[in-house]
Structure formats: C-alpha cells, structure tokens
Amino acid sequence: MSSTSDTVIDRQLLVYEDWKDKQRRVIADLITDELIEEHRAKPLGQHSETLERVLQYFRRQPQAGKYLGVMTTPWLEYKIGVISGIRGVPPKILDEPVFKSEEDVLHGIFVRRVNDLKGTA
C-alpha cells in the first residue's frame with residue numbers, strides 16, 4: 001500500500017479484467033454469418049468446435065442480464081426473458097419478438113447475445 005493512498009488494488013482482478021476483454025474480442029472475431037446460420041439450422045445438439053466455443057463463452061457470463069426462453073402460450077408462443085440476477089425477482093419478459101417454437105426462441109437469444117457482444121443491439 002502506498003503512503004499517498006489508502007486504496008489497495010488487487011492486481012489479480014486487473015489481470016482477470018484484461019483477460020476477459022481479450023476473450024470477448026477473440027469470441028467476437030469468431031462470429032460470422034455462417035456461424036449464425038449454423039446455429040439457426042440447429043440450435044440444439046452437436047455443433048462445430050467454433051460454435052461450441054462461442055456458446056460456452058455465453059454460458060459463462062454472469063446470471064444478471066442473461067437471456068432465457070419463456071413459453072408464454074403452451075407450445076404456441078415463446079418470448080425472451082431477462083434474468084434479474086436477484087433471488088426471488090422473476091425474469092422480465094420482453095414483449096417483442098414473439099417466436100413460434102423453442103428452436104426459434106433459442107436462436108433469437110443467440111442472435112441477441114451476438115448483438116450484445118458486438119455492441120450492435
């Protein structure tokens with residue numbers, strides 16, 4: 001601790017933040033129109049190594065602000081929900097867009113995550 005400041009800086013946190021920024025850039029560079037099409041065609045099941053790497057990155061993100069699929073009308077209508085990250089507080093369900101299948105809402109969530117990652121939301 002320096003004599004001019006009472007603030008202690010955990011350098012490990014700084015290194016981790018730097019690593020996270022680099023990971024975000026690497027993952028963003030992996031996302032192509034072909035990768036998005038691969039996910040649209042098959043949102044569930046086995047994926048290419050690149051798509052699996054992108055999906056694992058999305059899964060590792062903090063719960064607060066994470067998207068999930070919500071069935072609003074059984075087997076007919078699905079919407080995207082946003083997790084609050086606070087225990088006991090239900091997810092906020094977005095009005096738009098509305099999806100017709102579980103696969104469609106999963107792809108909608110993927111596209112939203114991609115747009116958030118690239119800053120094009």
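Across all non-hydrogen atoms, the minimal contact from R113 to Y67 is NH2-O, 3.2 Å. For S48 against L35, the heavy-atom pair with the smallest separation is OG-CD1, 4.2 Å. In plain terms, the two heavy atoms of L106 and P43 that are nearest each other are CB-CB, 4.1 Å. Between K79 and D95, the shortest heavy-atom contact is CE-O, 3.8 Å. Residues I31 and K118 come closest through the heavy atom pair O-NZ, 3.2 Å.
Cluster annotation: L51 and I27 are assigned to the same hydrophobic cluster (Ile/Leu/Val/Met/Phe/Trp/Tyr, side-chain heavy-atom contacts under 4.5 Å, transitive). A single hydrophobic cluster is not seen to contain both I93 and V105; linkage of ILVMFWY side chains at heavy-atom distances under 4.5 Å, directly or through other members, places them apart. Cluster annotation: V26 is not connected to V54 through the hydrophobic network of ILVMFWY side chains, with a link wherever side-chain heavy atoms come within less than 4.5 Å.
Counting only heavy atoms from C-beta outward, the side chains of V82 and K66 never approach each other to under 4.5 Å. Considering only heavy atoms from C-beta on, S84 stays 4.5 Å or farther from K92 through its side chain. Side-chain contact between L55 and R60 is absent, with no heavy atoms from C-beta onward closer than 4.5 Å. Inter-residue side-chain proximity for V70 and L68 is flagged as met; some heavy-atom pair is nearer than 4.5 Å. Proximity of T73 to Y78: side-chain heavy atoms (C-beta onward) are nowhere separated by under 4.5 Å. Considering only heavy atoms from C-beta on, R112 comes within 4.5 Å of P97 through its side chain.
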Step-by-step side-chain contact (heavy atoms from CB on, under 4.5 Å) determination, F58 to I109: CA-CA 10 Å; F58 288 148; I109 290 168; over 6 Å; no
Where do E17 and K22 land on the salt bridge (charged side-chain N to carboxylate O under 4.0 Å, His left out) test, with the steps shown first? CA-CA 9 Å; E17 286 301 316; K22 288 176 184 172; over 6 Å; no
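Taking a cutoff of 4.0 Å between a charged side-chain nitrogen and a carboxylate oxygen, E37 and K42 do not qualify as a salt bridge. Under the 4.0 Å criterion applied to side-chain N and carboxylate O atoms, R24 and D21 are assigned as salt-bridge partners. Classification of R25 and D29 as a salt-bridged pair fails, no side-chain N sitting under 4.0 Å from a carboxylate O.
Residues in residues 27-57 take part in these ring pair (Phe, Tyr, Trp, His ring centres under 6.0 Å) pairs, two or more places apart or across chains: H39-H107, H39-F110.
Residues forming a salt bridge (charged side-chain N to carboxylate O under 4.0 Å, His left out) with R11 (at least two apart in sequence, or on another chain): none.
E38 CD to T50 OG1: the interatomic distance, rounded to the nearest 0.5 Å, is 8.0 Å. Rounding to the nearest 0.5 Å places CH2 of W75 at 16.0 Å from NZ of K100.
Although no hydrogens or angles enter the test, the distance criterion places no donor-acceptor pair under 3.5 Å between the side chain of E77 and the main chain of M71.
Counting non-hydrogen atoms of neighbouring residues, nucleotides and ligands closer than 6.0 angstrom, the CD atom of Q56 exceeds 12 such neighbours.
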